[in-house]
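All figures in this text were calculated on a predicted structure; none of them were measured in a lab.
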Amino acid sequence: QVQLVESGGGLVQAGGSLRLSCVASGLTLGNYAMGWFRQAPGKDYEVVASISSAGGTTYYPDSVKGRFTISRENAKNTVYLLMNSLKPEDTGVYYCASNSVPYGSKRYMLSQDSYNYWGKGTQVTVSS
C-alpha cells in the first residue's frame with residue numbers, strides 16, 4: 001500500500017521559512033516525478049513545485065518561483081519543499097504527490113491530473 005506522509009508545517013510569520021518533508025512507503029520514490037500542491041480555504045488545489053525522478057529538473061509556478069525550492073533524497077524515499085520569504089497568501093494545506101512517470105513536460109509536471117498518489121497534507125499558516 002502506497003503512503004505519502006507530510007510533515008514540517010506550522011505557524012510562521014510573514015518573511016519566515018519552513019521546510020516540509022514527505023516520506024514515501026510502498027513505492028520506490030526514485031522511479032517517479034514528485035510534486036507539492038497546496039489548497040487554501042475555499043480554493044482549488046494549486047501546484048507549487050515539481051521535480052523529476054532523478055532531481056535534475058524542477059518546475060515552479062510564478063507565484064512561488066524564487067521563494068520555494070523542491071528537492072529529493074531518493075535513498076531516503078523523501079521529498080522536501082523549502083519555503084522562504086513566506087507570505088500570508090501562502091497559507092493552506094500542503095500536499096505531496098507522486099506522478100505516474102519519471103519526468104515530463106513542464107505543462108505535464110505542473111498538472112494535478114498527472115499525479116496518482118497523494119498524502120493527507122500538512123497545514124502551513126503564515127501570519128501577517
Side-chain angles (χ1 to χ4, degrees):
Q1 183 180 359
V2 175
Q3 278 192 317
L4 302 175
V5 180
E6 303 93 340
S7 63
L11 173 64
V12 63
Q13 287 188 331
S17 299
L18 282 175
R19 190 178 83 152
L20 306 183
S21 299
C22 171
V23 179
S25 60
L27 83 166
T28 302
L29 205 68
N31 290 339
Y32 305 103
M34 295 293 294
W36 283 96
F37 295 77
R38 68 186 178 193
Q39 187 177 32
K43 294 189 176 180
D44 291 334
Y45 286 98
E46 175 189 12
V47 63
V48 296
S50 66
I51 187 168
S52 59
S53 59
T57 301
T58 57
Y59 296 115
Y60 305 91
D62 290 342
S63 57
V64 306
K65 194 176 295 182
R67 300 189 298 121
F68 289 13
T69 304
I70 188 172
S71 61
R72 63 193 301 159
E73 285 190 82
N74 289 339
K76 295 184 177 181
N77 249 22
T78 302
V79 178
Y80 305 98
L81 182 69
L82 175 61
M83 306 183 292
N84 294 322
S85 302
L86 282 162
K87 305 174 181 180
E89 52 263 44
D90 293 319
T91 293
V93 179
Y94 282 69
Y95 302 87
C96 72
S98 63
N99 205 294
S100 57
V101 298
Y103 60 90
S105 67
K106 179 178 181 179
R107 182 174 181 176
Y108 182 83
M109 295 273 283
L110 294 181
S111 170
Q112 177 184 340
D113 292 340
S114 67
Y115 292 83
N116 51 2
Y117 292 109
W118 293 72
K120 294 184 178 180
T122 184
Q123 176 71 44
V124 171
T125 303
V126 184
S127 63
S128 57

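Not counting sequence neighbours, Ser25 has no partner by the side chain to side chain donor-acceptor pair (under 3.5 Å) test. Considering only residues two or more places apart in sequence or on other chains, Tyr59 meets the ring pair (Phe, Tyr, Trp, His ring centres under 6.0 Å) condition with none of them. Shown here are the salt bridge (charged side-chain N to carboxylate O under 4.0 Å, His left out) partners of Lys120, two or more places apart in sequence or in another chain: there are none. Under the salt bridge (charged side-chain N to carboxylate O under 4.0 Å, His left out) criterion, Glu46 pairs with Arg38, not counting sequence neighbours. For Tyr95, the ring pair (Phe, Tyr, Trp, His ring centres under 6.0 Å) partners two or more places apart in sequence, or in a different chain, are Tyr45. Applying the side chain to side chain donor-acceptor pair (under 3.5 Å) rule to Gln112 yields no partners; only residues at least two apart in sequence or on another chain are considered. Residues passing the salt bridge (charged side-chain N to carboxylate O under 4.0 Å, His left out) test with Lys65, sequence neighbours excluded: Asp62. Looking at residues two or more places apart in sequence or on another chain, you find no side chain to side chain donor-acceptor pair (under 3.5 Å) involving Asp44.
Rounded to the nearest 0.5 angstrom, Ile70 CD1 and Leu82 CG are separated by 11.5 Å. Distance check: Gln3 CD to Asn77 CG gives 12.5 Å after rounding to the nearest 0.5 Å. With values rounded to the nearest 0.5 angstrom, Cys22 atom SG is found 7.0 Å from Leu29 atom CG. Distance CE/Met34 to OG/Ser71: 11.5 Å, rounded to 0.5 Å.
Linking Ile, Leu, Val, Met, Phe, Trp and Tyr residues whenever their side-chain heavy atoms come within less than 4.5 Å places Leu18 and Val48 in a single cluster. Note on Val79: it does not cluster hydrophobically with Val47, by side-chain heavy-atom contacts below 4.5 Å among ILVMFWY residues. Follow the hydrophobic side-chain contacts under 4.5 Å out from Val2 and you never reach Val23; the two are in separate clusters. The cluster map of Ile, Leu, Val, Met, Phe, Trp and Tyr, joined by side-chain heavy atoms under 4.5 Å apart, puts Tyr94 and Val12 in the same cluster. The cluster map of Ile, Leu, Val, Met, Phe, Trp and Tyr, joined by side-chain heavy atoms under 4.5 Å apart, puts Tyr115 and Val93 in the same cluster.
Listed here is the closest heavy atom pair of Ala14 and Pro88: CB-CD, 4.1 Å. Shown here for Thr122 and Gly9, the closest heavy-atom pair between the two residues is OG1-N, 3.2 Å. Between Trp36 and Ser21, the closest heavy-atom pair is CH2-O, 3.7 Å. Nearest heavy atoms, Ile51 versus Thr58: CG1-CG2, 3.8 Å. The two residues Leu4 and Tyr117 make their nearest non-hydrogen contact at CD1-O, 3.3 Å. Between Thr91 and Ala40, the closest heavy-atom pair is O-CB, 3.7 Å.
Under the salt bridge (Lys or Arg N to Asp or Glu O under 4.0 Å) criterion, no residue pair touches residues 98-119, with sequence neighbours excluded. The salt bridge (Lys or Arg N to Asp or Glu O under 4.0 Å) analysis of residues 13-26, with sequence neighbours excluded, yields no pairs. Among residue pairs with one or both ends in residues 62-81, none qualify as ring-ring contact (aromatic ring centres under 6.0 Å, His included); sequence neighbours excluded. Among pairs with a residue in residues 5-15, none fulfils side-chain hydrogen bond (donor to acceptor under 3.5 Å, both in side chains), at least two apart in sequence or across chains.
By the neighbour-count criterion of 12 heavy atoms within 6.0 Å, atom OH of Tyr108 is densely surrounded, having more than that number from other residues, nucleotides or ligands.
The shortest side-chain heavy-atom distance between Ser17 and Asn84 falls under the 4.5 Å cut-off. Residues Gln123 and Leu11 fail the side-chain proximity criterion, which asks for heavy atoms closer than 4.5 Å. Side-chain atoms of Val124 and Asp90, non-hydrogen and from C-beta on, never get closer than 4.5 Å to each other.
With hydrogens and angles disregarded, a donor-acceptor distance shorter than 3.5 Å links the side chain of Arg67 to the backbone of Ser85. Panel note: side chain Asn99, backbone Ser52; no donor-acceptor pair is recorded below 3.5 Å.
Between Trp118 and Phe37, the angle of the ring planes lies from 30° to 60°, which puts this pair in the tilted group.
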